[in-house]
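In what follows, a single structure is set out as structure tokens and then discussed.
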Amino acid sequence: MAESPITARTKDFAAWYQDVVLSGDMAEPAEIVKGCMVIKANGWAVWEVLQRELDTRFKETGHQNMYFPLLIPQSFLQKEAEHVEGFSPELAVVTIAGGKTLEEPYVIRPTSETIIGHFFGKWIQSWRDLPMLVNQWANVMRWELRTRMFLRTTEFLWQEGHTAHSTHEEALEEVLRMLDVYAEVSENVMAVPVIKGVKTKSEKFAGALRSFCIESMMQNGLALQAGTSHDLGQNFGKAFDVQFQSKEGQLDYVWQTSWGVSTRLIGGLIMSHSDDKGLVLPPKLAPNKVVLVPIYRKDEERASVLEAAHKIAKEVGAKLDDREGQTPGAKFYHWERRGVPVVLELGPRDVASGNIVLKRRDTGTKEVVAQAEIAARVAAVLEQMQTDLYDAAKKRLNDNTVLANSIGEVEEILKPVTAEKGGGKFVMVHMKDDAICDARVKEFKATIRCIPLVDEYDGPGKCVVTGEAVDRRVVVAKSY
RNA sequence: CGGGCUGUGGCGCAGCCUGGUAGCGCGCUUGCUUGGGGUGCAAGAGGUCCCGGGUUCGAAUCCCGGCAGCCCGACCA
């Protein structure tokens with residue numbers, strides 16, 4: 001028997017993650033290009049499903065897809081002071097093209113607020129042009145100093161929504177609407193529970209008035225920011241002179257939003273559900289929900305098994321793994337590592353009895369089902385697995401969320417937490433949105449993840465750092 | 001970008017200290033066998049020892065420089 005290619009989570013969480021990504025055919029480091037990865041077949045297939053789920057919802061909420069240039073004139077970044085300050089350190093810049101030094105360098109987009117702001121300025125004149133609701137599926141580049149596959153790579157794929165509105169109220173509605181879309185996809189499609197919240201001023205997007213986010217918890221208790229939605233106010237409207245004339249005839253700057261999720265979601269997905277045997281995919285995101293492995297010895301068995309297998313595979317929408325020269329055992333491991341939710345086994349015994357064996361990826365349980373009922377049973381099991389994965393993740397989140405009433409307590413809980421050792425917690429504590437507080441938790445490598453939109457705890461209290469009154473507890477945790 | 005570890009057939013590693021014809025396991029190919037959780041046996045194929053420079057009669061091995069990966073930190077979707 002071959003050694004498991006996967007390091008146990010308890011032994012080394014980071015190595016486990018790496019092993020799951022590699023053996024699940026999700027991605028591998030590009031190596032020849034620093035910090036970049038090759039997204040492999042299974043990883044790309046998951047991304048396609050996720051894209052489809054998101055894109056459908058964006059269109060349902062009135063957005064249209066467009067595509068803007070990869071290269072942005074360097075001066076554009078400089079038009080919004082906070083924005084340039086936030087992104088400058090991680091820009092890749094094109095200075096030579098066509099064999100000549102460019103008069104003005106281009107930056108490879110780290111995000112597209114600036115270039116889209118420019119075009120909004122061209123396209124918007126009247127209140128009738130608003131709201132402008134645009135989304136872009138694209139790659140972006142940020143020269144990160146430390147990379148991990150899916151969680152943070154130099155180049156990554158994402159969608160960025162950019163909208164312009166005539167009032168702040170309407171823009172804010174949009175910001176929250178898209179945050180809800182992210183939360184809904186995360187919970188219902190990815191089976192990853194999230195906390196919706198607002199970032200502190202120190203943590204907000206460079207150039208935004210306020211940033212909203214969804215935060216999720218990985219199996220080691222670390223937080224992962226899974227999506228963000230920004231209230232940009234009129235900052236970019238002013239920087240790019242995007243003005244419109246209102247119904248009353250007044251000129252005003254547009255109110256903008258931007259929101260995005262990236263391939264990081266896949267990293268979160270992996271760290272939420274997978275186990276020591278490899279990848280576990282929630283049925284709604286699995287490119288192959290069901291795989292049927294036929295089992296036979298003799299030629300006459302082969303013929304009858306394959307005939308029944310083809311019929312059943314078609315009926316339940318399963319992929320039939322009829323590769324020759326691979327034993328069934330090898331095939332079971334193959335699909336297990338790739339996270340396929342349900343594997344069906346069909347051998348001579350089953351053909352004779354009219355049954356089939358169904359195995360669930362998450363629980364590892366096997367059951368014998370009558371062939372006549374397999375389609376209905378598979379559907380029910382997939383649905384159950386989707387719910388169970390969410391419930392398990394939700395339970396983990398709840399079990400690892402604790403209250404604290406002093407900064408000392410927070411420090412005691414979070415200080416020893418590391419990504420490898422695990423034991424991470426979400427600590428709910430009263431704390432003010434003040435740079436002093438952000439700096440204080442940073443002393444023990446934690447961050448204020450967010451101020452939850454919905455207070456599920458005990459309401460107002462005194463900030464454990466400044467002593468000032470605050471209206472609810474915030475989430476403090478270590479994060480990726 | 002600072003610190004640590006690493007880089008040797010596709011993958012995982014040994015060899016390096018003490019320089020002298022490049023090895024093991026897995027995988028791969030072919031044949032037989034086997035097949036309900038990585039089947040067994042046999043015969044094969046496959047290597048610029050990360051890159052560049054230096055020392056040496058001779059470098060995977062020693063020295064210098066670079067690149068990349070992983071981990072820790074600072075920065076971040």
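The chains referred to below are lettered A, B, ... by the order of the sequence lines, with proteins before strands, and numbering in each begins at 1. Note that this is a predicted model, so its numbers are computed, not measured. Side chains included, hydrogens not; waters and symmetry mates left out as well; all remaining heavy atoms used.
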Taking for each residue the nucleotide of RNA chain B bearing the nearest heavy atom, is the 5' side occupied by A:Arg297 or by A:Ala226?
A:Arg297

Side-chain donor-acceptor pairs of residues 438-445 of chain A under 3.5 Å, sequence neighbours excluded:
| from | atom 1 | to | atom 2 | distance (Å) |
| --- | --- | --- | --- | --- |
| A:Asp438 | OD1 | A:Thr200 | OG1 | 2.9 |
| A:Asp438 | OD2 | A:Ser202 | OG | 3.1 |
| A:Arg440 | NH1 | A:Glu411 | OE1 | 3.4 |
| A:Arg440 | NH1 | A:Glu443 | OE1 | 3.0 |
| A:Arg440 | NH2 | A:Glu411 | OE1 | 2.9 |

Using the C1' atom as the point on both nucleotides, what is the distance between B:rG52 and B:rC70, in whole Å?
24 Å

Would you call the rings of A:Phe58 and A:Tyr182 parallel, tilted or perpendicular, where under 30° means parallel and over 60° means perpendicular?
perpendicular

A:Lys319: side chain to side chain donor-acceptor pair (under 3.5 Å) partners, not counting sequence neighbours:
none

Under 3.5 Å, N/O pairs linking protein and nucleotides 46-48 of chain B:
none

Of the listed nucleotides B:rG73, B:rG36, B:rA77, the one nearest the side chain of A:Ser262:
B:rA77

Taking B:rC16 as the reference, what is the distance to B:rG58 when you measure between their P atoms (whole Å, please)?
22 Å

Heavy-atom closest contact (A:Val475 atom, A:Ile195 atom, distance)
CG2-CD1, 4.3 Å

Just to be sure I understand the rule, does A:Gly260 reach a base, reach only the sugar-phosphate, or reach nothing, if contact means heavy atoms closer than 4.0 Å?
nothing

Euclidean distance for P, B:rC28 against B:rU39 (whole angstrom):
10 Å

Report, one line per pair, each donor and acceptor closer than 3.5 Å where one atom sits in a side chain of residues 40-48 of chain A; sequence neighbours left out.
| from | atom 1 | to | atom 2 | distance (Å) |
| --- | --- | --- | --- | --- |
| A:Lys40 | NZ | A:Glu28 | OE1 | 3.4 |
| A:Asn42 | ND2 | A:Gly24 | O | 3.0 |
| A:Asn42 | ND2 | A:Arg338 | O | 3.2 |
| A:Trp44 | NE1 | A:Glu48 | OE2 | 2.8 |

What is the nucleic acid contact for A:Lys331, judged by heavy atoms within less than 4.0 Å: base, sugar-phosphate only, or nothing?
nothing

Gap between atoms CD and C1', on A:Glu215 and B:rA77 respectively (whole Å)
11 Å

Euclidean distance, atom CE of residue A:Met178 to atom P of B:rA77 [Å, nearest integer]
19 Å

A:Tyr480-A:Tyr17 aromatic ring centre distance below 6.0 Å:
no

Identify the nucleotide, in any strand shown, that forms a Watson-Crick or G-U wobble pair with B:rA42, with both distances under 3.5 Å; if there is none, say none.
B:rU30

Atom pair distance, as rounded to whole Å: CG in A:Asp350 and P in B:rG35:
16 Å

Ignoring backbone atoms, establish whether A:Lys298 has a side-chain N or O less than 4.0 Å from OP1 or OP2 of B:rG35.
no

Can you give one letter per nucleotide of nucleotides 66-71 of chain B, going 5' to 3': B for a protein heavy atom under 4.0 Å from the base, S for sugar-phosphate only, - for none?
--SSSS

From the options B:rU39, B:rG36, B:rA77, select the nucleotide whose nearest atom is closest to the side chain of A:Thr327.
B:rU39

Classify A:Lys442 by what it touches in the nucleic acid, base, sugar-phosphate, or nothing, heavy-atom distance under 4.0 Å.
sugar-phosphate

note: A:Arg337, atom CZ; B:rG27, atom C1'; distance rounded to Å ~ 12 Å

Within the structure shown, what part of the strands sits under 4.0 Å from A:Thr228 by heavy-atom distance: base, sugar-phosphate, or nothing?
nothing

Spacing of the P atoms in B:rA60 and B:rU8 (rounded, Å)
15 Å

For a quick check of understanding: with a heavy-atom distance under 4.0 Å over all strands, which category does A:Glu345 fall into, base, sugar-phosphate or nothing?
base

Regarding A:Val357, tell me which of base, sugar-phosphate or nothing describes its non-hydrogen contacts under 4.0 Å with the strands shown.
base

In whole Å, I'd like the distance from the CH2 atom of A:Trp335 to the P atom of B:rG38.
18 Å

How long is the line joining CD of A:Glu336 and C1' of B:rG38, in whole Å?
11 Å

Whole-Å P distance, B:rA22 and B:rA74
47 Å

Would you say A:Tyr296 stacks on B:rG35, if stacking means ring centres under 5.5 Å apart and planes within less than 30 degrees?
no

Counting primed atoms plus P, OP1 and OP2 as sugar-phosphate and everything else as base, spell out the protein contacts along nucleotides 5-12 of chain B at 4.0 Å heavy-atom distance: B, S or - for each nucleotide, 5' to 3'.
--------

Please list all pairs meeting salt bridge (charged side-chain N to carboxylate O under 4.0 Å, His left out) that have one or both residues in residues 82-95 of chain A, counting only residues at least two apart or in different chains.
A:Glu82-A:Lys204

Rounded to whole angstrom, note down the P distance from B:rG20 over to B:rG36.
47 Å

Where at least one partner belongs to residues 276-288 of chain A, residue pairs that pass side chain to side chain donor-acceptor pair (under 3.5 Å), sequence neighbours excluded
A:Arg9-A:Asp276

Sugar-phosphate only, base, or nothing, as touched by A:Thr153 at under 4.0 Å among non-hydrogen atoms
base

Could you tell me the separation between the NZ atom of A:Lys204 and the P atom of B:rA77, rounded to a whole number of Å?
12 Å

Atom pair distance, as rounded to whole Å: OH in A:Tyr333 and P in B:rC26
17 Å

Need the pair for B:rC70. Rule: Watson-Crick or G-U wobble, both distances under 3.5 Å, any strand; none if unpaired.
B:rG4

Among residues two or more places apart or on two chains, list those pairs meeting salt bridge (charged side-chain N to carboxylate O under 4.0 Å, His left out) that have a residue in residues 209-232 of chain A.
A:Lys199-A:Glu215, A:Glu215-A:Arg449

Distance, C1' atom - from B:rG4 to B:rU61, rounded to whole angstrom:
23 Å

Residues forming a side chain to side chain donor-acceptor pair (under 3.5 Å) with A:Arg148, sequence neighbours excluded:
none

Atom C1', compared across B:rC11 and B:rG69: separation rounded to whole Å:
15 Å

State which residues pass side chain to side chain donor-acceptor pair (under 3.5 Å) with A:Arg302; sequence neighbours excluded, sorted by chain then number.
A:Glu324

Taking A:Glu315 for its side chain and A:Ala375 for its backbone only, find out whether a donor-acceptor pair lies under 3.5 Å.
no

Any residue meeting side chain to side chain donor-acceptor pair (under 3.5 Å) with A:Lys79, in chain and number order, not counting sequence neighbours:
none

Parallel, tilted or perpendicular: which one describes the rings of A:Phe13 and A:Trp16, with boundaries at 30° and 60°?
tilted

Checking A:His273 side chain against A:Met190 main chain: does a donor-acceptor pair fall under 3.5 Å?
yes

Base partner of B:rC11, which must satisfy Watson-Crick or wobble distances under 3.5 Å
B:rG25

Map A:His334 and A:Tyr480 onto RNA chain B by nearest heavy atom, then report which one ends up closer to the 5' terminus.
A:His334

